[in-house]
Undergrad: 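Attaching a single structure in structure tokens format; questions to follow.
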Amino acid sequence: MNFDGKGEGRDPVAKVEERPFVVIGGGIGGLTAALSLARIGKSSTVLEQAPEFTEIGAGLQLAPNAMRVLSRLGLMEGIRQFAWFPHRLVIIDSKTAEELSALDLGEEFQRHYGHPYAVMHRADLLNLLYESCRATGKVELLPNKMVTEVKSDGQGVDVVCQDGSSYRAAGVIAADGLWSKTRRLFSDDQPIHAEYVAYRGTVPIEEIREIARMDDVVMWIGHELHFVQYPVRRGELYNQVAVFRSHRYQPNSDAWGTPEELDEAYKKTCLPVQHAVTFMQRGRRWPMVDRLPIPRWTDGRVALLGDAAHPMLQYIAQGACQAIEDAATLAEKFLTLGDDIPTVFRAYEAERTGRTARVQTSARNFGYIIHSGDPTTIMLRNYIFRNRRPNDFSAVEWIYGHDAAPHLG
Ligand SMILES: Cc1cc2nc3c(=O)[nH]c(=O)nc-3n(C[C@H](O)[C@H](O)[C@H](O)COP(=O)(O)OP(=O)(O)OC[C@H]3O[C@@H](n4cnc5c(N)ncnc54)[C@H](O)[C@@H]3O)c2cc1C
């Protein structure tokens with residue numbers, strides 16, 4: 001099969017393969033997949049289209065469901081060197097500055113989940129994954145490799161790159177992100193624009209210290225916007241994400257969600273938020289995009305992973321966490337089911353599709369709730385938020401409590 005959807009059908013062969021895996025995409029999902037495979041003794045080649053393995057200059061929240069996996073992969077020491085460990089997740093009304101809700105991330109939380117809630121600079125996590133992959137001696141990391149075709153013949157898979165090179169593998173894991181070309185083998189769906197846009201970036205802490213809330217991950221919420229703040233890189237940088245709805249959205253156009261609209265949207269927020277927004281970098285913006293869940297992401301020897309499989313709105317900070325879970329579950333299935341790749345990929349798909357679909361849907365629903373302008377919804381939402389105790393973990397239990405790979409590591 002190839003990206004045009006001409007399929008040879010399901011792979012009938014079930015035998016042990018000794019050739020390495022190819023992972024398409026060297027983002028957080030792809031590198032965690034390569035590292036997870038290496039930890040169970042399997043080699044892989046990671047093909048990344050960019051000239052370097054790197055991530056944009058912004059932060060990432062890592063909830064205990066992802067930290068559990070990263071710990072099993074032996075990354076805790078490295079994470080402790082770079083991460084920041086906030087004490088609370090706080091939700092504040094962006095107009096009145098009233099603190100509506102807080103989740104305590106302290107001792108009780110960490111005892112309950114066995115792992116802390118961390119926030120990190122994306123580049124720090126990617127570097128850590130990259131170096132850990134290299135250190136295994138089992139991961140070949142190739143930049144400047146844009147994959148243009150994936151062809152399966154039942155015995156193996158040929159992955160062809162734009163530069164004419166091609167790689168044959170026993171199994172292919174496509175972690176090529178939201179705009180995944182490999183996904184076309186499974187669905188002809190298109191990314192769905194939420195008509196929201198995010199500006200994000202980090203500021204040196206000395207420039208913003210007077211307003212930085214070092215102990216908290218803060219989410220200011222309001223009608224058609226939300227604003228997130230937290231420290232990263234050992235507290236040396238402050239990460240800010242300003243999200244808002246653009247009323248000038250047009251399909252196939254770049255002329256919406258402009259910096260002028262950012263300022264306009266945030267005029268209706270309280271002064272502390274308006275002031276914080278003045279620190280935002282305005283050079284680049286990220287449209288908020290997801291896709292609907294699909295029931296199948298694997299076919300024979302090809303499997304999707306991360307955003308390629310289940311892109312979601314980032315409102316509950318779980319996209320990368322779910323990619324990390326995917327990677328661990330995939331490796332775990334080899335441990336528990338043996339080496340038959342189609343069997344393992346099917347089991348991986350069976351275990352992951354339901355959970356990730358729920359996370360995708362929950363992210364959308366959370367967006368409706370926090371961005372609502374409807375007075376009744378706001379009244380009920382705020383009532384629920386105000387009455388939630390900081391040590392009541394019931395709302396997040398199903399997400400944070402999940403162990404994606406109990407046998408790994
Ligand atoms: C504003 C914002 C905030 C977020 N905050 C959080 C958060 O706090 N916590 C969290 O868990 N998630 C968060 N997310 C989501 C998270 O960033 C993504 O879910 C995650 O990065 C997905 O990782 P991935 O490896 O699947 O895909 P990507 O990071 O998109 O990586 C895909 C890789 O594949 C490469 N590639 C693509 N096509 C090809 C090709 N044809 N050939 C070779 N290489 C290819 C790309 O260059 C890229 O390196 C946020 C997202 C946004 C937009």
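Atoms within a ligand are numbered from 1 in the order they appear, just like the ligands themselves. All of these numbers come straight from a predicted model, not from anything done at the bench.
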Undergrad: If the cut-off is 4.0 Å to any non-hydrogen atom of Gly319, which atoms of ligand 1 fall inside it?
TA: 10 (C), 11 (O), 12 (N), 15 (C), 19 (O)

Undergrad: What part of Cys321 sits under 4.0 Å from ligand 1 if we count only heavy atoms: the side chain, the backbone, both or neither?
TA: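 Under 4.0 Å from ligand 1, Cys321 contributes backbone and side-chain atoms.
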
Undergrad: Take every heavy atom of Met312, measure it against each atom of ligand 1, and state whether any distance is under 4.0 Å.
TA: no

Undergrad: Classify the contact between Leu62 and ligand 1 as side chain, backbone, both or neither, using a heavy-atom distance cut-off of under 4.0 Å.
TA: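 It is neither; nothing of Leu62 touches ligand 1.
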
Undergrad: Run the numbers for me: atoms of ligand 1, each under 4.0 Å from some heavy atom of Leu47, listed by number.
TA: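 Every atom of ligand 1 under 4.0 Å from some heavy atom of Leu47: 43 (C), 44 (N).
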
Undergrad: Measure the distances from the heavy atoms of Ala50 to every atom of ligand 1 and state whether one is below 4.0 angstrom.
TA: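 No, Ala50 has no heavy atoms under 4.0 Å from ligand 1.
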
Undergrad: Thinking salt bridges, do Asp176 and Arg183 make one under a 4.0 Å N-O criterion?
TA: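 Arg183 and Asp176: not salt-bridged.
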
Undergrad: Under 4.0 Å from any heavy atom of Gly177, which atoms of ligand 1 are there?
TA: 27 (O), 30 (O), 32 (C)

Undergrad: Could you work out, for atom 32 (C) of ligand 1, the closest of Gly25, Ala175, Ala63, Pro143 by heavy-atom distance?
TA: Ala175

Undergrad: Atoms of ligand 1 less than 4.0 Å from Lys145 heavy atoms?
TA: 42 (N), 43 (C)

Undergrad: Out of Gly26, Gly27, Pro287, who is nearest to atom 31 (O) of ligand 1 when you count heavy atoms only?
TA: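 The residue whose heavy atom sits nearest atom 31 (O) of ligand 1 is Gly27.
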
Undergrad: Under a 4.0 Å threshold between the charged nitrogen and the carboxylate oxygen, would Arg352 count as salt-bridged to Asp326?
TA: yes

Undergrad: Quick one: do Asp104 and Arg88 make a salt bridge, cutoff under 4.0 Å?
TA: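 Here Asp104 does not pair with Arg88 in a salt bridge, since their nearest N and O are not under 4.0 Å apart.
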
Undergrad: What are the atoms of ligand 1, with element, lying closer than 4.0 Å to any heavy atom of Arg122?
TA: 3 (C), 4 (C), 5 (N), 6 (C), 13 (C), 14 (N), 16 (C), 17 (O), 21 (O), 50 (C), 51 (C)

Undergrad: Which atoms form the tightest heavy-atom contact between Asp290 and Pro311, and what is the distance?
TA: CB-O, 3.5 Å

Undergrad: Looking at non-hydrogen atoms alone, which of Gln322, Glu48, Gln49, Gln314 comes nearest to atom 49 (O) of ligand 1?
TA: Glu48

Undergrad: Would you mind running through ligand 1 and noting each atom that sits below 4.0 Å from a heavy atom of Gly29?
TA: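 Near Gly29, meaning under 4.0 Å from one of its heavy atoms, ligand 1 has 24 (P), 25 (O).
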
Undergrad: Atoms of ligand 1 less than 4.0 Å from Gly306 heavy atoms?
TA: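 In order of number, 26 (O).
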
Undergrad: Please answer whether the main-chain N or O of Pro342 pairs with a side-chain N or O of Arg301 as donor and acceptor at a distance below 3.5 Å.
TA: no

Undergrad: Can you check salt bridge (charged side-chain N to carboxylate O under 4.0 Å, His left out) on Asp93 and Arg386, steps first, answer last?
TA: CA-CA 11 Å; Asp93 187 312; Arg386 286 186 191 113; over 6 Å; no

Undergrad: Taking the minimum heavy-atom distance to atom 38 (N) of ligand 1, which of Asp176, Val228, Asp307 ranks first?
TA: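 Result: the heavy atom closest to atom 38 (N) of ligand 1 is in Asp176.
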
Undergrad: Can you give me the closest heavy-atom contact between Cys270 and Ala97, atom names plus distance?
TA: SG-CB, 4.1 Å

Undergrad: Please list, in number order, the atoms of ligand 1 under 4.0 Å from a heavy atom of Leu60.
TA: 6 (C), 7 (C), 8 (O), 9 (N), 10 (C), 12 (N), 13 (C)

Undergrad: Between Asp403 and Arg72, does any NZ, NE, NH1 or NH2 come within less than 4.0 Å of an OD or OE carboxylate oxygen?
TA: yes

